[in-house]
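The structure under discussion appears below in the form of structure tokens.
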2 protein chains.
Amino acid sequence: MEKLLKSKNLRATPFRLEVLTIFGKYENAIEMSTIESELGNFDRITLYRTIKSFIQAGVVHEIHVNGDSKKFALCAEGCENLHHQHDHIHFHCTVCQETFCLDTVEMPSLNHPTFTISSFDIQAQGICESCN
Amino acid sequence: MEKLLKSKNLRATPFRLEVLTIFGKYENAIEMSTIESELGNFDRITLYRTIKSFIQAGVVHEIHVNGDSKKFALCAEGCENLHHQHDHIHFHCTVCQETFCLDTVEMPSLNHPTFTISSFDIQAQGICESCN
DNA sequence: CATATATTTGCATCAATGTTGCAAAAGTAA
DNA sequence: TTACTTTTGCAACATTGATGCAAATATATG
């Protein structure tokens with residue numbers, strides 16, 4: 001865990017390790033409020049900046065679930081300095097409200113005659129395995 | 001224009017028509033700030049609720065461009081009561097910052113062995129035709 | 001056309017979230 | 001241990017989303 005942070009050029013402070021541990025406790029993407037309730041006392045701004053630096057360093061990525069709410073999930077390998085490289089789609093179960101990173105779905109290829117598509121994200125909705 | 005609103009069961013008030021006209025002036029998706037600067041005086045809450053009712057009625061749809069900013073664009077046919085049916089991807093040009101609804105890109109099909117995918121959205125990034 | 005009804009607007013007020021500046025604290029390297 | 005850089009915690013502020021309510025407006029009905 002410390003290694004992970006240092007490999008991204010982030011100092012391994014107790015607070016950051018605590019937040020990282022919370023991510024590790026959950027299988028799927030989590031909301032800010034989940035992190036907040038897992039933490040005992042914490043400074044709101046510090047947490048906000050922690051998440052921000054995690055995103056910038058490529059430790060976690062942000063997922064826009066519906067129109068409004070957002071969640072966060074640990075990155076896989078290969079994410080660095082805001083250049084997130086995710087070979088998975090994000091799936092939101094409309095029953096249990098869980099948000100999954102699905103690397104079992106093959107990413108399609110997109111082509112446009114005149115536009116150059118350098119990257120794209122896919123957010124899917126539906127019903128997950130256990131709710132099915 | 002009045003017909004459009006009434007077909008969605010929205011009353012055709014002057015303010016709503018004014019906002020709709022602004023959408024008509026722009027080819028691509030626009031930000032809230034663009035609407036605000038086009039309007040002379042306006043009430044912030046009323047505009048907020050106008051956009052909200054447009055989205056709920058299927059007149060416009062919301063586009064999440066990057067992690068943060070959002071834009072709005074007129075819906076095509078077939079969007080009703082929050083059941084937006086868009087057969088296009090959203091493309092954000094990293095040069096000119098314009099956001100396009102690209103119906104020239106074929107929507108791929110997604111499959112998962114155990115999850116039921118009912119709908120999905122695609123946000124792409126890259127360089128648009130005129131910036132290319 | 002006038003009126004009754006339902007919706008919309010404008011205003012006040014509030015909540016949640018994101019942001020900045022700065023001094024103290026803590027981590028890192030020499 | 002010291003010097004330097006980053007992070008934290010606090011205050012203060014900006015932006016955005018949301019609700020309640022009375023006045024204004026739109027629509028339907030007689």
Side-chain angles (χ1 to χ4, degrees), chain A residues 1-23 29-72 80-82, chain B residues 1-23 29-72 80-82:
Chain A
M1 224 136 219
E2 278 194 48
K3 277 190 292 180
L4 171 61
L5 290 180
K6 291 192 177 173
S7 72
K8 307 287 184 177
N9 288 316
L10 291 178
R11 293 193 174 176
T13 66
F15 186 72
R16 286 177 175 169
L17 290 171
E18 195 178 353
V19 173
L20 257 195
T21 304
I22 294 172
F23 274 101
I30 55 179
E31 300 184 7
M32 196 62 128
S33 60
T34 304
I35 305 173
E36 291 180 355
S37 52
E38 288 275 354
L39 293 166
N41 333 8
F42 68 99
D43 182 61
R44 198 178 61 88
I45 291 95
T46 301
L47 175 57
Y48 165 76
R49 282 193 276 216
T50 298
I51 298 293
K52 193 175 176 182
S53 60
F54 279 5
I55 292 175
Q56 287 179 334
V59 178
V60 307
H61 60 286
E62 191 176 324
I63 304 170
H64 287 267
V65 178
N66 292 319
D68 27 82
S69 71
K70 60 170 70 167
K71 294 187 178 179
F72 304 94
E80 280 178 14
N81 305 323
L82 270 180
Chain B
M1 225 134 217
E2 278 194 50
K3 277 191 293 181
L4 171 61
L5 290 179
K6 291 189 177 174
S7 74
K8 307 285 186 178
N9 288 317
L10 290 178
R11 295 194 173 176
T13 67
F15 185 72
R16 285 178 176 167
L17 289 171
E18 196 180 352
V19 173
L20 258 195
T21 305
I22 294 172
F23 274 100
I30 54 179
E31 298 185 6
M32 197 60 128
S33 60
T34 304
I35 305 174
E36 289 179 356
S37 52
E38 289 273 354
L39 293 165
N41 334 6
F42 67 98
D43 181 63
R44 197 179 63 89
I45 292 96
T46 301
L47 175 59
Y48 163 75
R49 282 193 275 217
T50 297
I51 298 293
K52 191 177 175 182
S53 59
F54 280 4
I55 292 175
Q56 286 179 334
V59 178
V60 307
H61 59 287
E62 191 177 324
I63 304 169
H64 286 267
V65 178
N66 290 320
D68 29 79
S69 71
K70 58 171 72 168
K71 294 187 179 181
F72 303 95
E80 280 178 14
N81 306 321
L82 270 179

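Within every chain, numbering begins at 1; the chains are lettered A, B, ... in the order of the sequence lines, protein sequences first and strands thereafter. Atom set for the values below is all heavy atoms of this structure, side chains included, hydrogens, waters and symmetry mates excluded.
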5' precedence on DNA chain C between Arg49(A) and Phe42(B) (nearest-nucleotide basis): Phe42(B)

Value in whole Å for how far the [atom2] atom of [N] lies from [atom1] of [X]:
X	N	atom1	atom2	answer
Asn41(A)	dT8(D)	CG	C1'	14 Å
Ile45(A)	dT15(D)	CD1	P	17 Å
Phe54(B)	dT7(C)	CZ	P	17 Å
Ile55(A)	dT17(C)	CD1	P	15 Å
Gln56(B)	dT8(C)	CD	P	11 Å
Leu5(B)	dT8(C)	CG	P	10 Å
Leu47(A)	dT7(D)	CG	P	15 Å
Leu39(A)	dT8(D)	CG	P	12 Å

Short side-chain N/O contact to dG17(D) OP1/OP2 from Lys70(B), under 4.0 Å: yes

Return the [atom1] to [atom2] distance between [X] and [Y], rounded to the nearest 0.5 Å.
X	Y	atom1	atom2	answer
Glu31(B)	Ser37(B)	CD	OG	9.5 Å
Arg49(A)	Gln56(A)	CZ	CD	12.0 Å
Leu20(B)	Leu5(B)	CG	CG	5.0 Å

Sequence neighbours left out, cut at 3.5 Å: what donor-acceptor pairs do the side chains of residues 40-47 of chain B make with other protein atoms?
| from | atom 1 | to | atom 2 | distance (Å) |
| --- | --- | --- | --- | --- |
| Asp43(B) | OD2 | Ile45(B) | N | 3.4 |
| Asp43(B) | OD2 | Thr46(B) | N | 3.1 |
| Asp43(B) | OD2 | Thr46(B) | OG1 | 2.9 |

Residue mapping more 5' on DNA chain D - nearest nucleotide basis, Met32(B) or Asp43(A): Asp43(A)

side-chain contact (heavy atoms from CB on, under 4.5 Å), paired with Phe72(A), selected from Val59(A), Ile63(A), Thr34(A), Ile55(A): Ile55(A)

Heavy-atom closest pair, residues Ile35(B) and Ile51(B): CD1-CD1, 3.9 Å

Extract all donor-acceptor atom pairs below 3.5 Å that involve side chains of residues 11-19 of chain B and protein atoms in other chains or at least two apart in sequence.
| from | atom 1 | to | atom 2 | distance (Å) |
| --- | --- | --- | --- | --- |
| Thr13(B) | OG1 | Arg16(B) | N | 3.3 |
| Arg16(B) | NH1 | Arg11(B) | O | 3.1 |

Nearest-neighbour nucleotide for the Arg44(A) side chain, dA12(D), dC22(C), dC21(D) considered: dA12(D)

Thr46(A) side-chain proximity, nearest of dT9(C), dA12(D), dT8(D): dT8(D)

Those residues of residues 9-18 of chain A lying under 4.0 Å from DNA chain C by at least one heavy atom: Arg11(A), Ala12(A), Pro14(A)

